[in-house]
Amino acid sequence: MIRTHPAGSLRTSQEGETVTLTGWVARRREHGGVAFIDLRDASGVVQVVVRDAAAAHGLRPECCVAVIGTVRVRPAGNENPALATGQVEVEAGEVRVLSESAALPFPVEDAPASAAVNEETRLRYRYLDLRRAPMAANLRLRSEANRIARAVMAEHGFVEVETPDLTRSTPEGARDFLVPVRLAPGQWYALPQSPQLFKQLLMVAGFEQYYQLARCFRDEDFRADRQPEFTQLDIEMSFVTADDVIALGEEVIARLWSELRGVSLPRPIPRITYAEAMARYGSDKPDLRYAVELTDLTASFAGTAIRVFAAPDGVTDWHVGGVVMAGGGGQSRRELDAWGQWARSRGAGGLAYVLVGADGELTGPLARNLSEGERHGLLAATGAAPGDAVLLAAGRRAGTQGLLGAARVEIARRTGLVDPDDWAFVWVVDAPMFEESADGGWTAVHHPFTSPTDAWAETFHQHPDQALARAYDIVCNGSEIGGGSIRIHRREMQQRVFDVIGLSSEEATSKFGFLLEAFAYGPPPHGGIALGWDRTVALLAGADSIRDVIAFPKTASGSDPLTGAPTPITAAQRREAGIDAAPRTPPTS
RNA sequence: GGUCCCGUGGAGCAGCUUGGAGUGCUCGCCACCCUGUCAAGGUGGAGGCCGCGGGUUCGAAUCCCGUCGGGACCGCCA
């Protein structure tokens, strides 16, 4: 090392020692005959005193320097308690500029008032953005999270196995990223959407306990919490029940929050069924930091004269529901009407409201059309108090609950019900196995290898609308941070799932044949979980976006302002890659 | 595929509703002054295709259309 000490490590015990430090000029304060340099390296910051004015003047912000000097205790009254090294300073003998820095595109050492910088600019100069304290802290936190996860896995005897990034396309679920194959023109690899099939093969292979911090790739549109490539803590275990996997998932999460946030999570983490989560919170990832719940008013409005609340003929899952906005009666007419606009912007028909007056009388555009029974039922069911507003929606059950659930989140946000220091974890269990697909058939909610619950093991194929899966999602503060299931290991049961989702045995063989073949050789009962590592770390870091816990993320259009990727390729690259080669065999679909 | 927001010296904003000289704020940058600061302070200075293209107008940062880029949301994400 060309330095003798990390800058952030110096203390009064080193007084008098001659040290060589290396790092970056964070700040410079010139006073004519004396200048103070805040020297930053990965360990922290220490103040360097430079008495050679000419030497100090050349030290531009963020240039890289070496300082040879003597550690001094600061003169009385000049200590800086805000710095870990604030009791000492380094009297510079020699300051060597190792490399200059051009004028900065944005401040690296933030003054508090100027912390916000356009994210595109930050990504363009990500190496400078990562010098900034919050981002540096986030990546170090992520590294610690990785270490903790590996420690927990090691303690339980898990085997870390790497799986391929170049694999075959399995055209279910998300769109694949495709990679042309030079040696076989017309053939394509796909990047894995997850190591799902490989980890099941590793169970067949007898490893029993596998994990991996796995990179996954999905060619879908972006959100604040999505990237085209992302990381999962991927886990699979043999001879386990759902409780075993859940217990392990809890241990990982509890250790992360304990060691990185100093938060002791209540164990076991509570569980809620999917049906209950939808009924009470209108979401399969409910934010339980606040208590607002939805109310089912379907029975109260069964014979309603209000047309929009009446079930059309033939709709069997009609639902009328409400959610109370405490104090919402104080909203202006304009604000109340804005809820309808808010609902329509989410693709819903609208959102009605009634207000509860001081005497419990109901007002609002709908109020006069409510029957006495409806008024009474509404008040009794919702528990709305004078001064409250009740937002009402009607429609098919899932969509209506979802809309009211979104309204619940919005109510909490607008009325300040969210405690940002709170952590509310919950397992959502007993999810449906299937959901209706756009073409009227059935599709697997989780994936087609998810086992039904014991109660549905023999009959799920007869009632795909009701069958429940041995699946579990872990939710934190309204974000799904992981999920998994017990898998199917019986060929006969797997075939029934394929039958339900309309996958012929030819298609199944073509898509998953290698897995089904492996399952002919004594597959163990197994199950697993994958934790969305970017979201998990973002929660730990208090970051608004997973981009803030990824070193080099992409923008919402999939570009990287730093490297300029993606780029066109040359004609020669195009020829060599075999992109335009005709397929050897006709595509299957 | 759809909806909405943003784009103004290097950074962050205001100006736009109601068109009238590139006007303003905070920070940074450059020069000089300054021997105990730590978001140092002081004086002076430089720096602009108001994202881009078109339209309306005597006149456009401002109004209209299109486009590009960024962000958020719906759809999508087994």
Side-chain angles (χ1 to χ4, degrees), chain A residues 26-39 45-51 53 56-57 60-62 72 74-83 85-86 89 102-125 128-129 170-176 193-194 196-197 216-228 230 341-348 399 402-403 406 410 431 433-435 437-438 442-450 469 471 480 483 485 497 501 503 511-512 532 544-545 547 554-557 559 561:
Chain A
R27 282 206 166 86
R28 180 186 58 180
R29 295 175 291 279
E30 285 186 274
H31 290 259
V34 64
F36 301 96
I37 305 297
D38 288 341
L39 182 75
V45 172
V46 70
Q47 172 164 284
V48 176
V49 183
V50 183
R51 300 200 185 274
H57 196 66
R60 300 305 188 202
E62 297 305 321
R72 305 259 189 239
R74 290 196 189 194
N78 283 318
E79 303 85 0
N80 183 352
L83 294 181
T85 59
E89 60 193 12
L104 299 169
F106 53 81
V108 169
E109 286 291 321
D110 279 326
S114 64
V117 176
N118 179 285
E119 193 170 355
E120 191 182 3
T121 308
R122 288 172 50 202
L123 293 181
R124 169 80 178 79
Y125 301 94
L128 292 178
D129 190 36
T170 52
E172 281 277 318
R175 275 183 287 272
D176 286 321
Q193 296 175 24
S194 81
Q196 180 64 37
L197 301 176
C216 308
F217 305 87
R218 292 179 193 175
D219 186 9
E220 293 293 340
D221 289 359
F222 286 59
R223 283 286 198 288
D225 57 0
R226 274 192 234 155
Q227 286 272 302
F230 60 97
Q341 186 54 47
W342 172 87
R344 281 186 290 279
S345 76
R346 302 181 58 85
L403 174 65
E410 190 65 18
M433 281 187 82
F434 305 104
E435 62 188 349
S437 58
W442 296 98
T443 180
V445 169
H446 197 57
H447 58 60
F449 313 110
T450 301
E480 183 197 323
S485 65
V497 171
I501 64 176
L503 197 67
K511 289 173 177 174
F512 310 117
D544 293 330
S545 160
R547 291 187 298 272
K554 290 172 183 59
T555 68
S557 61
S559 70

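Residue numbers start from 1 in every chain, and the chains themselves are labelled A, B, ... in the order their sequence lines are given, proteins ahead of strands. From a predicted model like this one, the values you see are computed outputs, not experimental measurements.
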What integer number of Å spans the P atoms of C13(B) and U8(B)? 9 Å
Partners passing side-chain hydrogen bond (donor to acceptor under 3.5 Å, both in side chains) against E62(A) (at least two apart in sequence or in another chain): R40(A), R131(A)
Rounded to the nearest Å, what distance is computed from the CZ atom of residue R29(A) to the C1' atom of nucleotide C38(B)? 3 Å
What contact category does P75(A) fall into here, base, sugar-phosphate, or nothing, at under 4.0 angstrom with non-hydrogen atoms? base
Quick one: list whatever passes side chain to side chain contact (heavy atoms under 4.5 Å, CB included) with P81(A), sequence neighbours left out. none
Return yes if the base of U37(B) and the side-chain atoms of E30(A) contain a donor-acceptor N/O pair under 3.5 Å, otherwise no. no
Taking atom P in both G66(B) and C77(B), what distance in whole Å separates the two? 30 Å
Show me the protein contacts with nucleotides 70-73 of chain B, counting only N or O atoms at under 3.5 Å.
{"residue": "G70(B)", "atom": "OP1", "partner": "T555(A)", "partner atom": "OG1", "Å": "2.9"}
{"residue": "G70(B)", "atom": "OP1", "partner": "S557(A)", "partner atom": "OG", "Å": "2.9"}
{"residue": "G70(B)", "atom": "OP1", "partner": "S559(A)", "partner atom": "OG", "Å": "2.9"}
{"residue": "G70(B)", "atom": "OP2", "partner": "S557(A)", "partner atom": "OG", "Å": "2.9"}
{"residue": "G70(B)", "atom": "O4'", "partner": "E120(A)", "partner atom": "OE1", "Å": "3.4"}
{"residue": "G71(B)", "atom": "OP1", "partner": "A556(A)", "partner atom": "N", "Å": "3.3"}
{"residue": "G71(B)", "atom": "OP2", "partner": "A556(A)", "partner atom": "N", "Å": "2.6"}
{"residue": "G71(B)", "atom": "O3'", "partner": "R547(A)", "partner atom": "NH2", "Å": "3.2"}
{"residue": "A72(B)", "atom": "OP1", "partner": "R547(A)", "partner atom": "NH1", "Å": "3.4"}
{"residue": "A72(B)", "atom": "OP1", "partner": "R547(A)", "partner atom": "NH2", "Å": "3.0"}
{"residue": "C73(B)", "atom": "OP2", "partner": "A224(A)", "partner atom": "N", "Å": "3.2"}

By ring-ring contact (aromatic ring centres under 6.0 Å, His included), which residues pair with W442(A), not counting sequence neighbours? none
With R346(A) via salt bridge (Lys or Arg N to Asp or Glu O under 4.0 Å) - residues at least two apart: none
Quantified in whole Å, what is the P atom distance between nucleotide A46(B) and nucleotide G2(B)? 48 Å
For Q193(A) and D176(A), does a side-chain donor sit closer than 3.5 Å to a side-chain acceptor? yes
Rounding to an integer number of angstrom, what distance separates U43(B) and G7(B) when you compare their P atoms? 32 Å
Only counting residues at least two apart or in another chain, list the ones meeting ring-ring contact (aromatic ring centres under 6.0 Å, His included) with H31(A). F36(A)
